[in-house]
Trainee: 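Please see the structure below; I have some questions.
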Amino acid sequence: MQDLHHLVVVGGGFGGLQLVNSLKGAPLRITLIDRRNHHLFQPLLYQVATTVLATSEVAWPIRHLYRHRAEVTTLLDEVVGVDPVAKTVQLGGGGTVAYDTLVLATGATHAYFGHDEWEPVAPGLKTLEDATTIRRRILLAFERAELSSDAAEREALLTFVIIGAGPTGVELAGIIAELAQRTLPEEFRHIDTRQAKVILVEAGPRILAAFSEPLSDYARRSLEKLGVEVRTGVPVTACTAEGVTIGDTFVPSRTLVWAAGVQASPAARWLGIPCDRAGRAIVGPDLSAPGIADVFVIGDTASVIQEDGKPVPGIAPAAKQQGTYLARLIRARLSGRPAPGAFRYWHQGSLATIGRRAAIIEFGKFKLKGAFAWWLWGIAHIYFLIGTRSRFAVAWSWLWIFLSGQHSARLITQRETIQQRESREGP
């Protein structure tokens with residue numbers, strides 16, 4: 001086994017896992033490195049943040065996924081650098097791992113456009129930790145409003161601001177509004193949760209800018225029917241623990257969520273190659289790092305320009321297609337066959353959901369909206385989940401919520417809850 005070609009894959013997201021899955025049976029050994037022990041189905045992460053799904057329904061241990069693949073070794077560590085000359089990656093724990101071929105699929109994180117000081121009060125949504133933090137803040141806002149006798153404080157606690165109106169922002173706003181309007185009203189005695197304000201802020205002229213204007217308009221109207229206040233054309237200029245400044249207007253709010261931008265991992269800096277404004281490594285047509293032998297970059301970490309001059313979008317289907325393509329290329333190299341042509345991205349459509357009964361779908365000239373689109377959206381997401389158990393659990397959770405309006409994952413469990421309460425009450 002040690003004499004086999006050694007492929008090192010950094011990142012257990014959609015691109016990395018698709019690559020490893022597509023190389024099953026190939027004559028090589030694979031080391032998969034990730035700083036977390038699980039693969040996360042990010043398209044449904046917002047449902048963990050909004051009490052719809054439990055963490056176990058959208059994440060799976062990587063070791064378990066490859067327990068029957070003897071050629072795959074999984075390492076729980078963080079890569080902090082690459083030495084292309086020595087052909088090694090440096091680990092945060094102090095060690096190194098040598099490679100014959102290296103694939104960086106390290107993903108992206110939040111981008112605050114030069115205002116990183118906003119992150120503690122306006123968390124983004126990229127990890128399970130982010131999702132449970134946001135869920136805790138949403139639920140605690142209602143609990144603290146129930147305890148408060150100050151009208152201004154209660155209003156600030158019941159004001160939820162989502163910054164950024166892409167799919168994640170729209171989906172968050174819709175479910176938070178439904179939570180306040182339909183799920184919680186009968187559970188509180190001193191507050192009317194239906195008085196909660198959900199504000200969706202977008203600096204651009206319209207929400208869901210990647211969709212056609214008619215679908216974008218439909219999504220806005222659907223959100224407004226749920227009680228969401230949509231503000232477009234005005235940027236956020238400040239975020240504090242007391243609230244958010246939208247343009248020149250200050251809005252008191254104790255719960256802010258950031259969904260406005262992403263920043264790629266430092267892979268381009270590790271390799272010393274050019275990157276775009278979001279930090280994505282600019283790669284060649286075969287996804288290779290320019291001028292560096294046997295190193296490839298895929299997924300949200302890579303900037304891949306299509307024939308029409310537009311970059312491949314940073315979404316899960318694109319990362320999976322890149323993983324499949326790269327597996328074909330590696331197999332060709334190992335067997336001495338000609339490499340496949342340049343990577344070509346096939347857009348499989350755009351989907352976004354608005355609450356629990358409406359969604360929009362766009363695939364070229366094919367456009368769909370409403371309840372039927374919501375069912376198709378749900379079927380598509382369940383299909384891509386890993387494992388029969390996860391598909392059944394998510395389908396059951398959605399069906400229960402659809403029929404009853406009740407969210408089952410409403411536990412406040414983290415230690416910070418106790419610490420915050422102790423700090424308010426004193427020793």
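Quick caveat: nothing in here was measured; it's all calculated off a predicted structure.
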Trainee: Are the side chains of Glu229 and Val198 in contact, using a 4.5 Å heavy-atom criterion?
Mentor: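 In short, these two side chains do not touch, never coming nearer than 4.5 Å.
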Trainee: With a 4.0 Å cut-off, would you call Glu224 and Arg220 a salt bridge?
Mentor: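 Yes, Glu224 and Arg220 are salt-bridged.
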Trainee: How long is the span from the OG1 atom in Thr73 to the CG atom in Leu32, to the nearest 0.5 Å?
Mentor: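 Here the interatomic distance stands at 9.5 Å.
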Trainee: Hey, could you give me the CD/CD distance between Glu78 and Gln90, rounded to the nearest 0.5 Å?
Mentor: 12.5 Å
Trainee: Could you check if a side-chain atom of Thr232 sits within less than 4.5 angstrom of a side-chain atom of Ile207, using non-hydrogen atoms only?
Mentor: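 Touching, per the 4.5 Å side-chain cut-off.
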Trainee: Are Asp300 and Arg280 within salt-bridge range, i.e. N to O under 4.0 Å?
Mentor: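 Here Asp300 does not pair with Arg280 in a salt bridge, since their nearest N and O are not under 4.0 Å apart.
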Trainee: Heavy atoms, side chains only, cut-off 4.5 Å: are Lys310 and Ile305 in contact?
Mentor: no
Trainee: Is a donor from one side chain sitting under 3.5 angstrom from an acceptor on the other, for His110 and Asp130?
Mentor: yes
Trainee: Assess whether side-chain hydrogen bond (donor to acceptor under 3.5 Å, both in side chains) is satisfied between Thr101 and Arg333, documenting all intermediate values.
Mentor: CA-CA 11 Å; Thr101 298; Arg333 286 189 171 191; 5.3 Å; no
Trainee: Consider only side-chain N and O atoms of Glu242 and Thr240, and report whether a donor and an acceptor are under 3.5 Å apart.
Mentor: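 Note: Glu242 and Thr240 side chains miss the donor-acceptor criterion.
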Trainee: Does the ring centre of Phe343 sit less than 6.0 Å away from the ring centre of Phe296?
Mentor: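 Ring centres of Phe343 and Phe296 not closer than 6.0 Å.
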Trainee: Should the pair Glu71-Arg29 be classified as a salt bridge under the 4.0 Å nitrogen-to-oxygen rule?
Mentor: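 Salt bridge: no.
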Trainee: Applying side chain to side chain donor-acceptor pair (under 3.5 Å), can you list everything that pairs with His347, at least two apart in sequence or on another chain?
Mentor: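 Checked His347 against side chain to side chain donor-acceptor pair (under 3.5 Å); matches are Tyr345, Ser350.
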Trainee: As a quick check of understanding, evaluate side-chain contact (heavy atoms from CB on, under 4.5 Å) for Val161 and Val257, giving each step before the final call.
Mentor: CA-CA 6 Å; Val161 181; Val257 181; over 6 Å; no
Trainee: Could you walk me through whether Leu179 and Thr50 pass the side-chain contact (heavy atoms from CB on, under 4.5 Å) check?
Mentor: CA-CA 8 Å; Leu179 188 68; Thr50 51; 5.9 Å; no
Trainee: Would you please name every residue forming a side-chain contact (heavy atoms from CB on, under 4.5 Å) with Thr301, sequence neighbours left out?
Mentor: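 Checked Thr301 against side-chain contact (heavy atoms from CB on, under 4.5 Å); matches are Thr106, Ser265, Ala267, Val297.
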Trainee: Looking only at atom types and distance, does a side-chain atom of Asp83 sit under 3.5 Å from a main-chain N or O of Thr88, one as donor and one as acceptor?
Mentor: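 No; judged by distance alone, with no hydrogens or angles, the pair does not exist.
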Trainee: How about Trp398 and Trp377: are their ring centres within less than 6.0 Å of each other?
Mentor: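 Under 6.0 Å, so yes.
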Trainee: Hey, what do you get for OG1 (Thr74) to CZ (Arg69), rounding to the nearest 0.5 Å?
Mentor: 10.0 Å
Trainee: Just say parallel, tilted or perpendicular for the rings of Phe14 and His39, cut-offs at 30° and 60°.
Mentor: perpendicular
Trainee: Test side-chain hydrogen bond (donor to acceptor under 3.5 Å, both in side chains) on Thr324 and Gln18 and set out the steps.
Mentor: CA-CA 6 Å; Thr324 300; Gln18 184 67 32; 3.1 Å; yes
Trainee: Would a distance-only check, ignoring hydrogens and angles, find a side-chain to backbone donor-acceptor pair under 3.5 Å from Ser22 to Leu19?
Mentor: no
Trainee: How close do Ala316 and Pro43 get, heavy atom to heavy atom, and via which atoms?
Mentor: CB-CG, 4.5 Å
Trainee: Assess whether side-chain contact (heavy atoms from CB on, under 4.5 Å) is satisfied between Leu53 and Leu45, documenting all intermediate values.
Mentor: CA-CA 8 Å; Leu53 298 176; Leu45 188 58; over 6 Å; no
Trainee: Please confirm whether the backbone N or O of His5 pairs with a side-chain atom of Asp100, one donor and one acceptor, at under 3.5 Å?
Mentor: no
Trainee: Measure the CD1-SG distance between Ile163 and Cys239 for me, rounded to the nearest 0.5 Å.
Mentor: 4.0 Å
Trainee: Do NZ/NE/NH1/NH2 and the carboxylate oxygens of Glu178 and Arg357 come within less than 4.0 Å?
Mentor: no
Trainee: Ignoring hydrogens and angles, tell me if any N or O in the side chain of Tyr66 forms a donor-acceptor pair with the backbone of Val20 under 3.5 Å.
Mentor: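 Checking the backbone N and O of Val20 against the side chain of Tyr66, no donor-acceptor pair under 3.5 Å is found.
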Trainee: Less than 4.5 Å apart, side chain to side chain, heavy atoms only: is that true for Ile162 and Ile199?
Mentor: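 When only atoms from C-beta onward are counted, Ile199 and Ile162 do not touch, as no gap falls below 4.5 Å.
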Trainee: Does NE2 in His64 sit with more than 12 non-hydrogen atoms of other residues, nucleotides or ligands closer than 6.0 Å?
Mentor: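 Not more than 12 within 6.0 Å, no.
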